[in-house]
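Counting begins at 1 with the first residue of the sequence.
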Amino acid sequence: MSGPALLTVEKLEVVYHRTITAVQGISLSVRKGQIVAILGTNGAGKSTTLRAISGFLGIDDARVTDGSITFNDKRIENRQPNEITRLGIALVPEREKVFPNLTVVENLAAPFAPSRYNRRDSENLAYQFFPRLAELRSRTAGLLSGGERQMLALASALVCRPELLLVDELSLGLAPVVVQDLMARLVQIRHELGTTIVIVEQSAAVALSIADYGYVLENGRVVLDGEGARLRAHGDIQEFYLGQSSGSKRRSYRSVKQYRRSRRWYG
Ligand SMILES: Nc1ncnc2c1ncn2[C@@H]1O[C@H](COP(=O)(O)OP(=O)(O)OP(=O)(O)O)[C@@H](O)[C@H]1O
Ligand SMILES: [Mg+2]
């Protein structure tokens with residue numbers, strides 16, 4: 001299912017406005033054909049990590065200040081986003097995923113797409129995975145439902161024919177059945193196009209339903225990583241992220257760990 005390393009992030013450090021260190025020494029590895037999940041609560045550094053990989057840091061006045069990002073044996077940290085897209089990485093961003101004033105079909109034509117594919121090819125690729133978009137092709141994107149908008153965002157990234165697809169928070173605010181359908185599409189995209197996928201999610205249950213491997217971030221650091229199935233079964237993940245806790249209050253991952261340790265020692 002998975003081959004050699006496609007993406008390697010080593011000891012990555014990202015700083016906003018020259019002062020705020022959002023990512024502090026993250027290392028992760030994504031092999032060809034894998035679906036990898038990046039999990040963590042608000043402010044953990046998930047989106048920043050995806051922005052750094054895709055090059056979309058400048059608009060937020062951020063920079064990679066240490067460490068490296070290697071994609072297909074090329075160093076890509078601090079390169080321009082269009083250059084990184086051309087190398088085969090596409091980002092479905094956290095915010096402003098579609099152009100709200102353009103129609104569905106105009107959105108599909110808007111991204112940088114390799115010139116050997118024409119507009120028709122791009123549309124066909126989008127409708128292969130999201131047939132609903134064909135029915136909505138003349139609709140203004142701003143009027144789409146939440147789920148339809150996410151479909152369009154994914155489709156707009158797909159028409160760039162990425163080797164690596166980065167997806168930030170697809171599930172937020174959507175009904176579980178819609179989320180399930182979107183996750184199934186990601187699996188289908190991987191299966192039919194061989195695309196390697198990194199998904200960022202606050203919901204561990206959603207991400208780990210399809211991920212081969214996962215990383216849990218907290219305060220800009222990796223605090224836990226492992227095979228998807230192992231993380232699903234991991235007591236700390238169940239307790240903290242899957243809401244199967246015996247405790248009442250949501251605590252940090254670290255404090256859950258300390259709590260479990262203390263129970264082991266004293267309980
Ligand atoms: N544009 C920005 N300017 C300054 N600081 C920022 C900016 N974007 C993010 N940060 C800070 O960087 C840290 C990591 O944020 P990031 O958005 O990467 O977290 P996240 O894990 O994606 O969180 P969420 O689940 O809420 O989306 C936070 O402390 C955040 O306040
Ligand atoms: Mg985020």
Side-chain angles (χ1 to χ4, degrees), residues 16-17 42 46-62 79-186 188-189 193 195 197-203 206:
Y16 286 96
H17 312 298
N42 289 121
K46 307 180 297 295
S47 297
T48 303
T49 302
L50 288 199
R51 279 183 210 128
I53 297 167
S54 56
F56 287 94
L57 280 177
I59 35 174
D60 287 300
D61 187 21
R79 292 218 203 172
Q80 291 303 311
N82 58 353
E83 202 184 332
I84 293 178
T85 309
R86 212 172 296 128
L87 290 173
I89 299 179
L91 171 72
V92 176
E94 182 173 38
R95 301 179 295 257
E96 290 144 24
K97 286 179 157 81
V98 301
F99 297 104
N101 298 323
L102 301 184
T103 63
V104 165
V105 71
E106 286 165 347
N107 264 279
L108 293 174
F112 158 85
S115 53
R116 63 182 179 282
Y117 301 107
N118 62 30
R119 204 172 153 145
R120 202 29 48 221
D121 291 334
S122 293
E123 277 191 65
N124 288 340
L125 181 67
Y127 305 153
Q128 176 187 339
F129 294 97
F130 306 100
R132 173 98 184 107
L133 292 179
E135 298 163 33
L136 297 167
R137 66 191 299 283
S138 308
R139 187 81 60 86
T140 304
L143 301 177
L144 298 177
S145 74
E148 290 162 351
R149 215 184 271 222
Q150 301 291 46
M151 286 181 203
L152 179 58
L154 275 176
S156 302
L158 266 195
V159 301
C160 300
R161 270 77 173 177
E163 194 176 356
L164 176 64
L165 179 63
L166 309 173
V167 185
D168 199 344
E169 298 271 8
L170 215 47
S171 73
L172 210 66
L174 299 180
V177 59
V178 178
V179 174
Q180 257 174 25
D181 182 60
L182 287 169
M183 292 301 126
R185 300 303 163 161
L186 289 178
Q188 187 193 355
I189 288 165
L193 303 178
T195 313
I197 301 172
V198 175
I199 51 172
V200 154
E201 277 293 335
Q202 276 197 35
S203 164
V206 166

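In this structure, V198 and I53 have side chains that are not in contact, with every pair of non-hydrogen atoms separated by 4.5 Å or more. At a threshold of 4.5 Å between non-hydrogen side-chain atoms, the residues L91 and I84 do not count as touching. By the 4.5 Å heavy-atom criterion applied to side chains, E201 and M183 are counted as neighbours. You'll find the side chain of R161 reaches within 4.5 Å of the side chain of L125, heavy atoms only. Contact check for R119 versus V105: side-chain heavy atoms found under the 4.5 Å cut-off. Using a 4.5 Å heavy-atom cutoff, the side chains of L152 and L136 are not in contact. At least one side-chain heavy atom of L186 sits less than 4.5 Å from a side-chain heavy atom of L170. You'll find the side chain of L193 reaches within 4.5 Å of the side chain of L158, heavy atoms only.
Side-chain atoms of K46 never come within 3.5 Å of backbone atoms of D168 as a donor-acceptor pair (strictly under, hydrogens ignored). Looking only at distances, a side-chain donor or acceptor of N107 sits under 3.5 Å from a matching main-chain atom of F99. Under a 3.5 Å cut-off, the side chain of D60 and the backbone N or O of L57 do not form any donor-acceptor pair.
Under the side chain to side chain contact (heavy atoms under 4.5 Å, CB included) criterion, N124 pairs with R120, not counting sequence neighbours.
In this structure, E135 pairs ionically with R132, as a charged nitrogen and a carboxylate oxygen lie closer than 4.0 Å.
Applying the 6.0 Å contact sphere to CD of E106 captures more than 12 heavy atoms from other residues, nucleotides or ligands. Enclosure of atom CZ in F129 by more than 12 non-hydrogen atoms of other residues, nucleotides or ligands within 6.0 angstrom is indicated.
The line from CG of L166 to CD1 of I197 is 10.0 Å long, rounded to the nearest 0.5 Å. We find the CZ-CZ distance between R79 and R86 to be 10.5 Å, quoted to the nearest 0.5 Å. Atom CG of residue L87 and atom CG of residue L164 lie 11.0 Å apart, to the nearest 0.5 angstrom. In this structure, CD in E169 is found 9.5 Å from CD in Q150, a value given to the nearest 0.5 Å. Of the inter-residue distances, the one linking L102 atom CG with R139 atom CZ reads 15.5 Å to the nearest 0.5 angstrom. The SG atom of C160 sits 12.0 Å away from the CD1 atom of I89 when rounded to the nearest 0.5 Å.
Heavy atoms only, all atoms of each residue included: G142 and R149 are closest at O-NH2, 3.1 Å. The minimum heavy-atom distance linking T140 with P100 is given by the pair CG2-O, 3.0 Å. Scanning all heavy atoms of the two residues, the minimum distance from G147 to L174 falls at N-CD2, 3.5 Å. Nearest heavy-atom pair across V159 and S122 is CG1-O, 3.4 Å. The two residues A157 and V92 have their closest heavy-atom pair at CB-CG2, 3.7 Å. Taking both residues in full, the closest heavy atoms of V98 and A141 are given as CG2-CB, 4.0 Å, listed atom of the first, atom of the second, then distance.
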Taking it one step at a time, do E123 and R137 satisfy side chain to side chain contact (heavy atoms under 4.5 Å, CB included)?
CA-CA 9 Å; E123 277 191 65; R137 66 191 299 283; 3.0 Å; yes
